Amino acid sequence: MAYQAHLQVWRGDADSGELRDYTVEANEGEVVLDLLHRLQATQCPDLAVRWNCKAGKCGSCSAEVNGRPRLTCMTRMSVFAEGETITVTPMRTFPVIKDLVCDVSYNYVKAREVPSFTPPEGLEPGEYRMQQVDVQRSQEFRKCIECFLCQDTCHVIRDHEENKESFSGPRFLMRVAELEMHPLDSYEEAGGNRAEEARGEHGLGMCNITKCCTDVCPEHIQITDNSLIPLKERVADQRYDPITRFFRRKKD
Ligand code: SF4
Ligand code: F3S
Ligand code: FES
């Protein structure tokens with residue numbers, strides 16, 4: 001059954017903006033992105049909204065709905081009461097370009113700072129052999145659709161612009177953890193140390209395990225339990241466990 005939904009949408013640009021009220025038709029089975037598209041088609045042709053797949057897989061339609069970081073294409077209108085005002089605002093952690101569209105280039109800068117997978121010397125693609133449990137560990141992390149909702153919600157950068165330089169955020173610490181735990185990654189043999197880089201360059205110590213990143217991940221990746229905490233444990237082992245330190249020194 002169609003009804004008239006009350007939306008408040010943030011309109012503006014990098015210089016200024018405000019919440020504006022709209023009444024938009026909603027139909028059974030629709031999601032918030034459907035209403036934004038209808039608003040754009042019927043009332044605000046200049047409304048800037050980023051989207052691509054409308055299937056929860058491209059990670060483009062990230063915004064905040066009633067203050068919670070969400071994919072607008074996966075947020076069903078049926079979770080709100082018919083008379084409720086639904087507020088849609090851009091992700092707060094990143095600079096606004098226009099309306100709901102943010103500049104997420106911070107994330108691409110951080111992505112480039114993580115050295116890529118280093119295959120063992122002499123092993124060709126197709127010759128890699130590893131335990132199923134190790135394959136599954138990587139697969140969980142590779143479900144990431146790069147929506148950056150975890151980055152948006154993490155308080156370390158959400159409220160502290162000054163931390164962006166020294167903190168890579170949960171998505172990219174997870175990438176470091178994925179490679180650090182990969183049994184065939186030979187970055188260390190090539191002279192690197194992913195755990196140490198997580199602590200230093202990527203600011204792992206600033207994460208105080210609030211798990212807000214895990215709570216908002218639309219792929220339900222256990223970011224904190226399966227990547228950030230194990231990475232912290234590896235850092236602690238390397239730096240403070242006397243036996244690990246002894247064997248590492250011998251190896252060096
Ligand atoms: Fe999005 Fe989850 Fe990937 Fe973070 S880890 S970018 S929340 S899919
Ligand atoms: Fe931030 Fe997630 Fe750590 S929200 S503080 S990266 S557990
Ligand atoms: Fe692709 Fe929402 S439009 S995830």
Side-chain angles (χ1 to χ4, degrees), residues 30-38 40 47-65 67-77 88 90-94 99-102 104-111 114 137-164 166-179 181 198-199 201-236:
E30 288 188 330
V31 293
V32 170
L33 184 61
D34 287 315
L35 271 77
L36 294 174
H37 282 161
R38 187 165 297 122
Q40 198 180 44
L47 174 68
V49 186
R50 192 180 270 147
W51 71 286
N52 200 323
C53 69
K54 202 169 172 279
K57 288 296 161 208
C58 73
S60 307
C61 66
S62 301
E64 299 190 7
V65 182
R68 186 181 167 87
R70 283 175 176 274
L71 296 179
T72 57
C73 76
M74 298 303 283
T75 306
R76 291 190 172 279
M77 288 300 294
V88 189
M91 287 190 285
R92 192 169 102 190
T93 298
F94 310 115
D99 302 334
L100 300 176
V101 174
C102 299
V104 293
S105 50
Y106 158 80
N107 299 288
Y108 304 125
V109 170
K110 296 298 171 184
V114 180
R137 187 184 298 117
S138 283
Q139 272 173 345
E140 181 189 14
F141 305 141
R142 296 188 78 87
K143 287 192 302 181
C144 174
I145 58 170
E146 305 229 305
C147 63
F148 305 131
L149 291 176
C150 57
Q151 303 281 94
D152 178 44
T153 204
C154 178
H155 67 96
V156 176
I157 43 177
R158 185 175 174 89
D159 299 318
H160 299 280
E161 186 65 30
E162 71 279 10
N163 287 341
K164 283 187 175 168
S166 43
F167 185 66
S168 294
R171 195 276 167 260
F172 300 103
L173 286 165
M174 180 176 86
R175 174 70 178 146
V176 177
E178 177 194 341
L179 293 167
M181 292 189 269
R199 188 196 65 81
E201 281 97 306
H202 304 293
L204 178 63
M206 296 167 99
C207 160
N208 52 357
I209 327 183
T210 56
K211 299 197 181 186
C212 312
C213 50
T214 304
D215 283 349
V216 299
C217 177
E219 286 293 319
H220 308 293
I221 302 170
Q222 296 302 305
I223 306 168
T224 321
D225 287 351
N226 291 350
S227 70
L228 303 179
I229 292 174
L231 197 52
K232 280 175 177 282
E233 286 169 350
R234 283 172 182 239
V235 170

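Ligands are counted one by one from 1 in listed order, and the atoms in each one are counted from 1 as well. Given the structure is predicted, the values throughout are model-derived calculations rather than measurements. As a basis for the values below, the full set of heavy atoms in this structure was taken, side chains included, without hydrogen atoms, waters or symmetry mates.
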Heavy-atom side-chain contact between I145 and L71 under 4.5 Å: yes
Could you tell me, atom by atom, which parts of ligand 1 come under 4.0 Å of a heavy atom of I223? 5 (S)
Answer side chain, backbone, both or neither: which part of L228 comes under 4.0 Å from ligand 2, heavy atoms only. side chain
Going by the atom numbers of ligand 3, which of them fall below 4.0 Å from some non-hydrogen atom of G56? 4 (S)
Per-atom contacts of ligand 1 with P218, taking only distances under 4.0 Å to non-hydrogen atoms: 7 (S)
Mark up the atoms of ligand 1 that fall under 4.0 Å of a heavy atom belonging to C144, in ascending order. 3 (Fe), 5 (S), 6 (S), 8 (S)
Please classify the M206 to ligand 2 contact at 4.0 Å (heavy-atom distances, strictly less than): side chain, backbone, both or neither. neither
Among all protein heavy atoms, pick out the one at the shortest distance from atom 1 (Fe) of ligand 2; state its residue, atom name and that distance to 0.1 Å. C154 SG, 2.3 Å
Measure from atom 4 (Fe) of ligand 1 to each N, O or S atom of C213 and report whether any distance is below 2.8 Å. no
Applying a heavy-atom cut-off of 4.0 Å, say which part of T224 lies close to ligand 2: side chain, backbone, both or neither. side chain
For ligand 1, which atoms sit closer than 4.0 Å to a heavy atom of I145? 3 (Fe), 8 (S)
For ligand 3, does M74 get within less than 4.0 Å through its side chain, its backbone, both, or neither, judged by non-hydrogen atoms? neither
Could you identify the single nearest non-hydrogen protein atom to atom 2 (Fe) of ligand 2 and state the distance to 0.1 Å? C213 SG, 2.3 Å
Which of the atoms of ligand 1 are close to F148, meaning less than 4.0 Å from one of its heavy atoms? 1 (Fe), 6 (S)
N/O/S atom of C147 under 2.8 Å from atom 1 (Fe) of ligand 1, yes or no? yes
Under a 4.0 Å threshold between the charged nitrogen and the carboxylate oxygen, would E201 count as salt-bridged to K110? no
Which atoms of ligand 3 sit under 4.0 Å from any heavy atom of C73? 2 (Fe), 3 (S), 4 (S)
Is D152 paired with R158 through a side-chain N to carboxylate O contact shorter than 4.0 Å? yes
Would you mind running through ligand 3 and noting each atom that sits below 4.0 Å from a heavy atom of K54? 1 (Fe), 3 (S)
Under 4.0 Å to a heavy atom of K211 - the qualifying atoms of ligand 2, by number: 7 (S)
Metal proximity, C207 vs atom 3 (Fe) of ligand 2, N/O/S cut-off 2.8 Å: yes
How are the rings of Y106 and F94 set relative to one another: parallel (under 30°), tilted (30 to 60°) or perpendicular (over 60°)? tilted
Note: ligand 1 atoms sitting under 4.0 Å from heavy atoms of R171 are 6 (S)
Please could you name the atoms of ligand 3 that C61 approaches to less than 4.0 Å, counting only its heavy atoms? 2 (Fe), 3 (S), 4 (S)
